[in-house]
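Please read the structure below before turning to the comments.
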Amino acid sequence: MTKSWRGLPIVILGIGGFAKEVRWLIHDINLASNTPVFDLIGYISHSDEDIGIDIEGVKVVASNNNFKGFSEQFGVLGVTIALGNPKWKEAIETEILEGCANLVYPNLIHPKANILASNLNDFGVGSIICAGVSITTNVKFGRFVIANINCTIGHDTVIGDYCTINPLAAVSGNINIEKLSLIGAGASIIEKTTISENSIVGLGAIIVKDIEKNSVMICKAAHKLEKKLEN
């Protein structure tokens with residue numbers, strides 16, 4: 001007897017708040033399709049002690065330590081990394097996932113994201129694009145990029161491997177965001193600028209010039225206000 005198609009088996013690496021949001025993103029993708037796209041197997045935690053716990057109806061089925069053995073149960077297993085920290089995403093891929101031969105990394109795109117289909121030809125694997133995200137023309141993504149709720153990404157922009165763009169960030173056109181960079185919620189980046197590798201743009205920051213490698217940029221106005229209130 002032929003089994004009915006339940007979707008690609010997929011696991012979520014991470015058990016925090018964003019992992020729970022990705023769970024519902026997967027649910028919404030399935031809901032918008034005539035046939036199931038994904039069969040969510042469960043969460044993967046960094047800790048062995050979490051195995052078996054229930055998170056809003058979905059169990060933690062394995063840990064980073066035993067993931068390779070767990071993954072071998074499947075002919076093909078989908079994986080999504082629901083961690084906002086770019087360095088953690090890189091470490092997960094290089095230290096845990098690369099040793100497994102049967103994994104695939106689908107791009108998870110919420111049905112209510114506004115994205116040109118032609119952009120998908122220039123996307124790497126494993127990205128997560130949440131509800132309300134707007135991506136215009138000629139945008140390129142590397143591997144394991146997160147574009148979180150309601151952020152906007154303008155034309156001719158390149159976003160490198162493992163980057164995270166947080167909610168409501170506004171990325172203008174002709175921007176180059178190099179790998180391992182994080183853009184904070186509500187940040188704005190002026191056109192034709194580069195955010196160099198391994199940099200952090202803080203919550204609400206306004207970027208009007210190129211950012212050097214390994215930089216941390218914060219919203220100075222908010223910082224001054226905090227100091228004034230302390231006085």
Specify the closest pair of heavy atoms between Ser127 and Gly142, including all atoms of both residues, with the distance to one decimal. OG-O, 3.8 Å
Check: Tyr105/Glu93 side-chain N/O donor and acceptor closer than 3.5 Å: no
Answer yes or no: is there a side-chain heavy-atom contact under 4.5 Å between Leu25 and His110? yes
Considering residues, nucleotides and ligands other than His46, do more than 12 of their heavy atoms fall under 6.0 Å from its NE2? no
With the 4.5 Å side-chain cut-off for hydrophobic clustering, are Ile44 and Val60 part of the same group? no
Per the ring-ring contact (aromatic ring centres under 6.0 Å, His included) rule, what does the pair list look like for residues 7-32, sequence neighbours excluded? Trp24-His27
Measuring only between side-chain heavy atoms, which start at C-beta, is Lys89 closer than 4.5 Å to Thr164? yes
With sequence neighbours excluded, give me every salt bridge (Lys or Arg N to Asp or Glu O under 4.0 Å) pair touching residues 205-215. none
Is it true that atom CD1 of Ile206 has more than 12 heavy atoms of other residues, nucleotides or ligands lying nearer than 6.0 Å? no
Is it true that, when you exclude Glu98 itself, more than 12 heavy atoms of the residues, nucleotides or ligands shown sit nearer than 6.0 Å to its CD? yes
Considering residues, nucleotides and ligands other than Lys140, do more than 12 of their heavy atoms fall under 6.0 Å from its NZ? yes
Got a donor-acceptor contact below 3.5 angstrom from the Ser71 side chain to the Lys68 backbone? yes
